[in-house]
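For reference, positions follow the sequence shown, starting with 1.
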Amino acid sequence: MSDFAQITADALDILKYDGAVQDTLAELREKWGVKIPALLDERFETVGVQYMKLSHEQGVAALGQELSTFGWALYDLDGEDIYLFVLIPEAEREEFEAFCKQRGQYCRLMKQPRRKWGDHAKEQDPGAVMPCEEYILEDEYDYFFNSLAGDFAAGDVETANRENWLNGCIADLRRRPPQVTRARSLPALCSLSYSPELGVYGAARSGGSDIGRALVGKNPANLNWFEPSPIAYDGPPRSLRWIRKFPLGGGPP
């Protein structure tokens with residue numbers, strides 16, 4: 001029999017409803033992927049895609065259901081604000097549940113309701129999924145991209161050991177890996193939009209006093225934006241839209 005006391009003490013804690021099910025799968029693999037190679041099966045990738053638009057709790061139940069097809073039981077030992085996950089071999093399920101009951105330990109088997117043990121997770125239609133590629137930017141910065149338009153993405157950059165996202169950044173998605181340009185003068189850069197008719201990008205930013213302005217430029221990677229109006233806003237605009245194409249000499253977009 002396994003050392004259940006040691007297993008429960010080494011449980012994997014994950015915030016409930018935090019992040020996509022693919023993130024939870026990545027943490028399960030990091031924790032137990034070497035010990036339990038079944039976690040690396042491509043079937044789990046399929047489940048992650050199918051459940052990524054549903055709630056985190058539904059996604060976790062689907063992962064637990066799929067694990068049962070490989071003879072592993074996923075248990076949650078918390079039941080409140082976080083998940084405390086342990087993985088138990090199928091043959092030891094009854095002993096583990098008796099161990100938890102004897103200790104007064106909350107213990108919930110993570111599987112889909114009305115599906116039998118050993119059945120695959122219920123198939124879900126993920127709908128249209130945007131093609132994607134994953135790259136790791138190996139530098140000392142953390143990036144958060146909040147808008148995407150044309151060939152670029154806009155967001156904020158944070159240096160290591162800081163608590164605030166102070167600087168703006170633009171990623172040129174035509175490069176592989178994407179080339180990121182940082183600008184200390186453009187904090188809270190967001191709402192990137194693109195006008196195919198004009199071939200012009202628009203964005204929003206705020207200054208140190210949280211005064212928002214709209215920006216326009218042909219190449220956002222230069223971070224040398226034109227501010228078409230002296231009018232400022234209370235914080236950066238949450239969204240920008242190109243309404244129509246003005247004639248030469250007309251007003252701003």
Side-chain angles (χ1 to χ4, degrees), residues 1-136 144-146 148:
M1 185 181 75
S2 299
D3 185 348
F4 294 144
Q6 179 59 41
I7 289 174
T8 56
D10 192 38
L12 173 64
D13 61 293
I14 296 178
L15 283 174
K16 283 191 175 181
Y17 318 117
D18 183 35
V21 65
Q22 290 100 325
D23 296 335
T24 299
L25 173 60
E27 295 202 47
L28 292 173
R29 284 173 165 175
E30 182 178 359
K31 180 78 172 179
W32 291 300
V34 174
K35 177 183 175 183
I36 307 174
L39 276 167
L40 306 180
D41 191 278
E42 62 181 11
R43 173 66 188 168
F44 289 99
E45 304 286 348
T46 301
V47 171
V49 170
Q50 290 182 356
Y51 281 80
M52 66 182 179
K53 295 181 181 178
L54 300 178
S55 72
H56 190 212
E57 188 172 21
Q58 288 175 289
V60 168
L63 292 178
Q65 185 69 45
E66 198 63 36
L67 276 163
S68 75
T69 68
F70 293 94
W72 287 92
L74 180 66
Y75 285 95
D76 172 31
L77 303 183
D78 184 85
E80 294 187 3
D81 295 334
I82 64 173
Y83 287 114
L84 281 177
F85 285 142
V86 296
L87 275 171
I88 303 296
E90 178 181 5
E92 299 181 9
R93 280 182 55 195
E94 291 186 7
E95 290 177 274
F96 179 71
E97 291 176 9
F99 169 82
C100 291
K101 184 177 181 180
Q102 183 181 18
R103 297 182 56 180
Q105 169 71 58
Y106 175 89
C107 175
R108 178 190 173 193
L109 177 64
M110 303 305 297
K111 64 179 292 293
Q112 293 179 315
R114 297 180 295 279
R115 291 192 78 78
K116 296 179 180 179
W117 175 269
D119 286 350
H120 288 291
K122 183 178 179 181
E123 297 285 336
Q124 298 285 348
D125 181 5
V129 179
M130 178 183 290
C132 65
E133 299 175 51
E134 183 175 338
Y135 296 95
I136 297 176
F144 175 76
F145 294 102
N146 51 49
L148 171 69

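Considering all non-hydrogen atoms of both residues, Ala11 and Val86 come closest at CB-CG1, 3.7 Å. Scanning all heavy atoms of the two residues, the minimum distance from Ile82 to Asp76 falls at O-OD1, 4.1 Å. The two residues Ala121 and Val47 have their closest heavy-atom pair at CB-CG2, 4.3 Å. In terms of heavy atoms, Gly118 sits closest to Thr69 at O-CG2, 3.2 Å. Residue Leu40 comes nearest to Gly33 through the heavy atom pair CD1-O, 4.1 Å, listed as atom of the first residue, atom of the second, then distance.
Looking at Phe85, Tyr83, Phe96, Phe4 one by one, the single match for ring pair (Phe, Tyr, Trp, His ring centres under 6.0 Å) with Tyr75 turns out to be Phe96.
The distance from the CD1 atom of Ile88 to the CG atom of Leu67 is 12.0 Å, given to the nearest 0.5 Å. The CG atom of Leu25 lies 11.5 Å from the CD atom of Glu30; values are rounded to the nearest 0.5 Å. Taking NZ from Lys35 and CH2 from Trp72, the interatomic distance works out to 5.5 Å, rounded to the nearest 0.5 Å.
Counting only distance, with no hydrogens or angles, the side chain of Glu45 and the backbone of Glu42 share no donor-acceptor pair below 3.5 Å. Side-chain N or O atoms of Glu27 include none that pairs as donor or acceptor with a backbone N or O of Ile14 at under 3.5 Å. At distances below 3.5 Å, at least one donor-acceptor pair connects side-chain atoms of Gln65 with backbone N or O atoms of Lys116. Within the 3.5 Å criterion, the main-chain N or O of Leu39 finds a donor-acceptor partner in the side chain of Arg29. Side chain of Asp13 to main chain of Leu84: no donor-acceptor pair is present (N/O by atom type, distance under 3.5 Å, no hydrogens or angles). With hydrogens and angles ignored, the 3.5 Å screen pairs no side-chain donor or acceptor of Gln22 with any backbone N or O of Met52.
Counting only heavy atoms from C-beta outward, the side chains of Leu63 and Met110 never approach each other to under 4.5 Å. Counting only heavy atoms from C-beta outward, the side chains of Leu12 and Trp32 approach each other to under 4.5 Å. Side-chain contact between Glu97 and Arg93 is present, with at least one heavy-atom pair separated by less than 4.5 Å. A 4.5 Å side-chain heavy-atom check between Lys31 and Leu87 finds every atom pair outside the cut-off.
Identified under the ring-ring contact (aromatic ring centres under 6.0 Å, His included) test for residues 103-124, with sequence neighbours left out: none.
Under a cut-off of 6.0 angstrom, the local environment of NZ in Lys122 is sparse, with at most 12 non-hydrogen atoms contributed by other residues, nucleotides or ligands.
For Glu123, the side-chain contact (heavy atoms from CB on, under 4.5 Å) partners at least two apart in sequence or on another chain are Arg43, Gln50.
Checked for salt-bridge contact, Lys111 and Glu90 miss the test: no charged N lies under 4.0 Å from a carboxylate O.
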